[in-house]
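Data block below; observations after.
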Amino acid sequence: MTYPPPYQYPGGVSDKSKVVAGVLQIVLGGFGVGRFYIGDTKTGVLQLVVTLVTCGIGSLWGFVDGILILINGGVDAQGRPLRD
């Protein structure tokens, strides 16, 4: 029995949602959760370290980053644009 090929998004669009990434980043951005979700582990770890070193003040970076992801979109770890 053969199975159909897995669904691929048109035009090389990511399988990650910009709404999910943006909301995760707004709610848990100090921990870099939205960046980990889209595969950008380097920025996610950097956001986590900045938040810990600044005793939580650095979480503003994650909040602003989440808003920018929702407004402008973004790309995943492979450089594909996030889907709507």
Side-chain angles (χ1 to χ4, degrees):
M1 172 179 243
T2 60
Y3 294 99
Y7 180 77
Q8 296 197 0
Y9 291 95
V13 177
S14 176
D15 58 341
K16 305 294 184 183
S17 168
K18 80 175 184 179
V19 173
V20 172
V23 171
L24 282 173
Q25 204 49 20
I26 288 172
V27 175
L28 299 168
F31 302 109
V33 175
R35 288 296 178 166
F36 286 122
Y37 169 73
I38 62 175
D40 187 6
T41 55
K42 181 178 175 183
T43 305
V45 169
L46 191 59
Q47 286 178 339
L48 177 60
V49 170
V50 167
T51 298
L52 293 175
V53 169
T54 62
C55 298
I57 296 171
S59 64
L60 289 174
W61 175 19
F63 180 77
V64 172
D65 192 30
I67 293 172
L68 291 175
I69 288 173
L70 287 174
I71 293 172
N72 299 329
V75 295
D76 66 3
Q78 288 78 31
R80 300 173 299 179
L82 299 174
R83 67 180 167 86
D84 290 327

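One is the number of the first residue; the rest follow in order along the sequence.
In this structure, the separation between NZ on K42 and CD on Q47 is 13.0 Å, given to the nearest 0.5 Å. Considering OG1 of T41 and CG of L48, their distance stands at 12.0 Å, rounded to 0.5 Å.
Linking Ile, Leu, Val, Met, Phe, Trp and Tyr residues whenever their side-chain heavy atoms come within less than 4.5 Å places V33 and L52 in a single cluster. With hydrophobic clusters built from ILVMFWY side chains whose heavy atoms lie under 4.5 angstrom apart, V13 does not share a cluster with I38.
For I67, the side-chain contact (heavy atoms from CB on, under 4.5 Å) partners two or more places apart in sequence, or in a different chain, are I26, F63, I71. Every side-chain contact (heavy atoms from CB on, under 4.5 Å) that V27 has, sequence neighbours left out, goes to V23. Under the side-chain contact (heavy atoms from CB on, under 4.5 Å) criterion, L60 pairs with no residue at all, not counting sequence neighbours. With sequence neighbours excluded, the residues satisfying side-chain hydrogen bond (donor to acceptor under 3.5 Å, both in side chains) with D84 are K18.
Residue pairs meeting the salt bridge (charged side-chain N to carboxylate O under 4.0 Å, His left out) criterion with at least one partner in residues 24-37, sequence neighbours excluded, are R35-D40, R35-D65. The salt bridge (charged side-chain N to carboxylate O under 4.0 Å, His left out) pairs that include a residue from residues 20-30 number zero, where partners must be two or more places apart or lie in different chains.
Annotation for G22 and I69: closest pair N-CG2, 3.8 Å, computed over non-hydrogen atoms. Taking both residues in full, the closest heavy atoms of G39 and A77 are given as O-CB, 3.5 Å, listed atom of the first, atom of the second, then distance. Smallest separation of non-hydrogen atoms from G30 and S59: CA-CB, 3.7 Å.
Hydrophobic cluster of V53: the remaining members, joined at side-chain heavy-atom separations below 4.5 Å, are F36, V45, V49, listed by chain and number. Through chains of ILVMFWY side-chain contacts below 4.5 Å, W61 is grouped with L46, V50.
Formation of a donor-acceptor pair under 3.5 Å by the S14 side chain with backbone atoms of L82 is not found in this model. No donor-acceptor distance shorter than 3.5 angstrom exists from the side chain of Q25 to the backbone of G66, with no hydrogens or angles considered.
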